[in-house]
Amino acid sequence: MGLTLTVDGPRWRDHLRAYADAAPGLVPVVKGNGYGFTPGRLARRSEWLGVDTIAVGTYEELPEVASRFDGSLLVLTPWRPFLPDLDPALASRVIHTVGRVDDVDALLTRQPGARMVLELLTSMRRHGFAPRGLWEAAGHLRRHPGARLEGLALHLPLAQGSHLGEVRRHLNDAVGAGLDGLDTVWVSHLTRDELTTLRSSYADFTIRPRAGTDLWLGDRGALSVTATVLDVHEVDRGDSFGYRGRTVPKSGHLLVVSGGTAHGIGLEAPMGDSSIKARASTLARGGLDAVGFVRSPFSIDGKQRLFAEPPHMQASMLFLPAGARVPDVGDQIDVRVRYTATTFDTITVS
Ligand SMILES: *Cc1c(COP(=O)(O)O)cnc(C)c1O
């Protein structure tokens, strides 16, 4: 009866299958809250998809997925010397991401047969080697014959025009660095057309796209999120309510619905599909309705409703002005959420 994600299973699975079929070498990303589905569920779904590798964000995420998926496990956060040693049972399945010259040597000293991808510093400027570092890394790799270089990794910004020029520059640098056995490039956020172009201009390389959002959340029509009406109170103008003893500005109903800060429900309504202009005008109004309430992500009868006060830990109070249809206790109402920041009480997949 809490915050529920309902998945139209056949539709979702059709989308996943079609996405994977169109993306050879796909590496599903299952990090964080598992895009709302939990990493464990996405690991099992990846096994069903038949891919040979999935990506997690951190080393801490490995145990949850390792028992649910049999293939290789790429860790996206670069390895650092301060990390604890890997569970020996996992060591041969884990592909490390390495982004600094010193870490190549340090990792191989700790785990001589380590599998690794070398991350290049892209215009994201998050982690990775600059071209000169790659040259030094190639030297370290040569001194550790057990090392298994699994390729290069490029993390590109979300599409703003083509990334191809940048990718080409990096690949040319990498080829120039003389990395022995380099034959794979792991990339994110390239369009299907960009991937096709890249494959034809670098036919010797296997190009492996990492995808999370477009894969798991790519068909929003297969997903619906609902909250349960837990209580309804008729109120008159001037009645006080809530943690801060606020008074009701006009008559209507207070609704207590499931879903609060513990689920990731924030004060600000998510604006996923609204235009910048709509966003600007909401900000200009301070996101407030005429009666001084903030818009909530909960909607009833297709209309986004107002928070009566900031969300509580597991429930939220909404204000429904007089005249609106009042749902019954136990009714489900729609909620718009940011999936990557939401924890659901229940996930139902048909
Ligand atoms: C999160 C992440 C991805 C997947 O990003 P989406 O936008 O969810 O597809 C790919 N690569 C890296 C390095 C990431 O951290």
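Ligands are counted one by one from 1 in listed order, and the atoms in each one are counted from 1 as well. This structure is a prediction, so every number in the text was calculated from the model and none was measured. Values reported hereafter were calculated over all heavy atoms of this structure, with side chains retained and with hydrogens, waters and symmetry mates removed.
Within the structure, the side chain to side chain donor-acceptor pair (under 3.5 Å) test picks out the following pairs touching residues 255-265 (sequence neighbours left out): His263-Asp345.
In this structure His127 satisfies the side-chain hydrogen bond (donor to acceptor under 3.5 Å, both in side chains) test with no other residue, sequence neighbours excluded. Judged as a side chain to side chain contact (heavy atoms under 4.5 Å, CB included), and not counting sequence neighbours, the contacts of Glu166 are Thr122, Ser123, Leu156, Arg169, His170.
For ligand 1, the 4.0 Å heavy-atom shell contains residues Val29, Lys31, Tyr35, Leu76, Arg126, His155, Ser188, His189, Arg210, Ala211, Gly212, Thr213.
Contact check on Arg208 versus Asp52 returns a salt bridge, with a Lys/Arg side-chain nitrogen under 4.0 Å from an Asp/Glu carboxylate oxygen. Between Arg100 and Asp103 there is a salt bridge, since at least one side-chain N of the basic residue sits less than 4.0 Å from a carboxylate O of the acidic one.
Between Phe241 and Phe293, the angle of the ring planes goes over 60°, which puts this pair in the perpendicular group of the 30/60° scheme.
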